[in-house]
Amino acid sequence: LPGEQAQVDWGHFGKIKIEGAERKLYGFVMTLSWARHIFLRFYVNQGTANFQRGHIDAFEHFGGFLTRELLYDNLKSVVLERIRKAIHFNPAILELAGHYRFKPVPVEPREPEQKGKVENGIKYVRSSFWPARTWKSLEDLNEQALKWCSQEAGERQWERNQKLTVLEAFEQEKRYLVPVPATPYV
């Protein structure tokens, strides 16, 4: 349903040279499940701090709104331990979720199809944004990614109604989304 869920994942995008050193490059992707609006930002590691920054930047990209629940893999930034249905959440995700008032929902282990919208979003990034991409710096790459999210990815046809674009569907979804709190997350 509109405003109900977004899905989050990392994608690996090779390596980048920063000040002469080679670093792995990861794309943080959040996809709104109903409208299919995508947020993409690149980082040189998948640490908890970057994971949290990705969320905050995604909420800003979505106009200061978020969904009621966020669906994840069982990555360490979300799940520290899992025994069947018993989940020991990472305290950092619980703190972030408490501030922004969303429910973190990890999918079943080894069941990536349960978060197929973000998996397809990463495939779309790889096929539409990534090929033959050049950039001067990580900041330049992220500026290009934001522009792509709002232009090419946002202007594509919405799969539920070919007469609408993803951004038009997002405008319809906005009234169901949760506004971010007035106080910033530190």
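The residues of the chain are indexed from 1 along the displayed sequence.
A ring-ring contact (aromatic ring centres under 6.0 Å, His included) with Phe42 is found for one member of Trp130, Trp135, Trp148 and no other, namely Trp130. For the side-chain contact (heavy atoms from CB on, under 4.5 Å) test with Trp10, the passing option among Asn45, Val29, Asn50 is Asn50; the others fail. Under the ring-ring contact (aromatic ring centres under 6.0 Å, His included) test applied with Trp34, the options Tyr176, Phe170, Trp158 reduce to a single match, Trp158.
Residues Ile122 and Arg126 meet the side-chain proximity criterion, which asks for heavy atoms closer than 4.5 Å. Using a 4.5 Å heavy-atom cutoff, the side chains of Leu25 and Leu138 are in contact.
Between the OG1 atom in Thr31 and the CG atom in Leu70 there is a gap of 11.0 Å [rounded to 0.5 Å]. Here CD of Gln114 is found 15.5 Å from OH of Tyr72. Values are rounded to the nearest 0.5 Å. Rounding to the nearest 0.5 Å gives a distance of 4.5 Å between CG of Leu66 and CZ of Phe59. Gln144 CD to Cys149 SG: the interatomic distance, rounded to the nearest 0.5 Å, is 12.0 Å. Taking CG of Asp9 as the start and NZ of Lys117 as the end, the distance is 14.0 Å to the nearest 0.5 Å. Taking OG1 of Thr165 as the start and NE2 of His37 as the end, the distance is 9.5 Å to the nearest 0.5 Å.
Both the sub-6.0 Å distance and the 45° axial angle are not jointly satisfied by Arg53 relative to the ring of Tyr43. For the pair Arg133 and Phe129, the cation-pi criterion (under 6.0 Å, within 45° of the ring axis) is fulfilled.
Side-chain heavy atoms closer than 4.5 Å link hydrophobic residues (I, L, V, M, F, W, Y) into clusters, and following such links, even through other members, never connects Val8 to Phe13. With hydrophobic clusters built from ILVMFWY side chains whose heavy atoms lie under 4.5 angstrom apart, Phe89 shares a cluster with Leu96. Note: the hydrophobic cluster containing Ile56 also contains Phe102 (ILVMFWY, side chain heavy atoms under 4.5 Å, direct or indirect links). Phe62 and Val180 fall within the same hydrophobic cluster, where Ile, Leu, Val, Met, Phe, Trp and Tyr residues are linked whenever their side-chain heavy atoms come under 4.5 Å apart, directly or through other members.
Looking only at distances, a side-chain donor or acceptor of Ser127 sits under 3.5 Å from a matching main-chain atom of Tyr124. At distances below 3.5 Å, not a single donor-acceptor pair connects side-chain atoms of Gln52 with backbone N or O atoms of Ile93. At least one donor-acceptor pair under 3.5 Å links the side chain of Arg68 to the backbone N or O of Gly3.
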- prompt: Under the ring pair (Phe, Tyr, Trp, His ring centres under 6.0 Å) criterion, do Tyr100 and His55 qualify, and how do the steps go?
  reply: CA-CA 10 Å; Tyr100 285 102; His55 283 75; 8.5 Å; no
query: Going through the checks in order, is the side chain to side chain contact (heavy atoms under 4.5 Å, CB included) test met by Lys163 and Glu168?
result: CA-CA 10 Å; Lys163 294 178 184 175; Glu168 290 168 335; over 6 Å; no
- prompt: Checking side chain to side chain contact (heavy atoms under 4.5 Å, CB included) for the pair Ile38/Arg156: CA distance, chi angles, key distance, verdict?
  reply: CA-CA 11 Å; Ile38 293 176; Arg156 73 188 189 282; 3.9 Å; yes
message: Pair His61, Arg41 - check side chain to side chain contact (heavy atoms under 4.5 Å, CB included), show working.
response: CA-CA 11 Å; His61 175 72; Arg41 184 161 192 90; over 6 Å; no
message: Test ring pair (Phe, Tyr, Trp, His ring centres under 6.0 Å) on Phe51 and Tyr26; report intermediate values, then the result.
response: CA-CA 11 Å; Phe51 192 64; Tyr26 299 96; over 10 Å; no
- request: Could you walk me through whether Asn74 and Val78 pass the side chain to side chain contact (heavy atoms under 4.5 Å, CB included) test, one step at a time?
  value: CA-CA 6 Å; Asn74 289 273; Val78 178; over 6 Å; no
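Ion pair Lys115/Glu119 flagged as a salt bridge, since at least one NZ, NE, NH1 or NH2 atom sits closer than 4.0 Å to an Asp/Glu carboxylate oxygen.
Other residues, nucleotides and ligands place no more than 12 heavy atoms under 6.0 Å from the CD atom of Glu60.
Ser128 and Glu152 are linked by a side-chain donor-acceptor pair at a separation below 3.5 angstrom, with hydrogens and angles left out of the test. A donor atom on one side chain and an acceptor atom on the other are found under 3.5 Å apart for Gln7 and Gln5.
Each side chain to side chain donor-acceptor pair (under 3.5 Å) pair with one or both residues in residues 84-95, not counting sequence neighbours, appears once here: Lys85-Glu108, Glu95-Tyr185.
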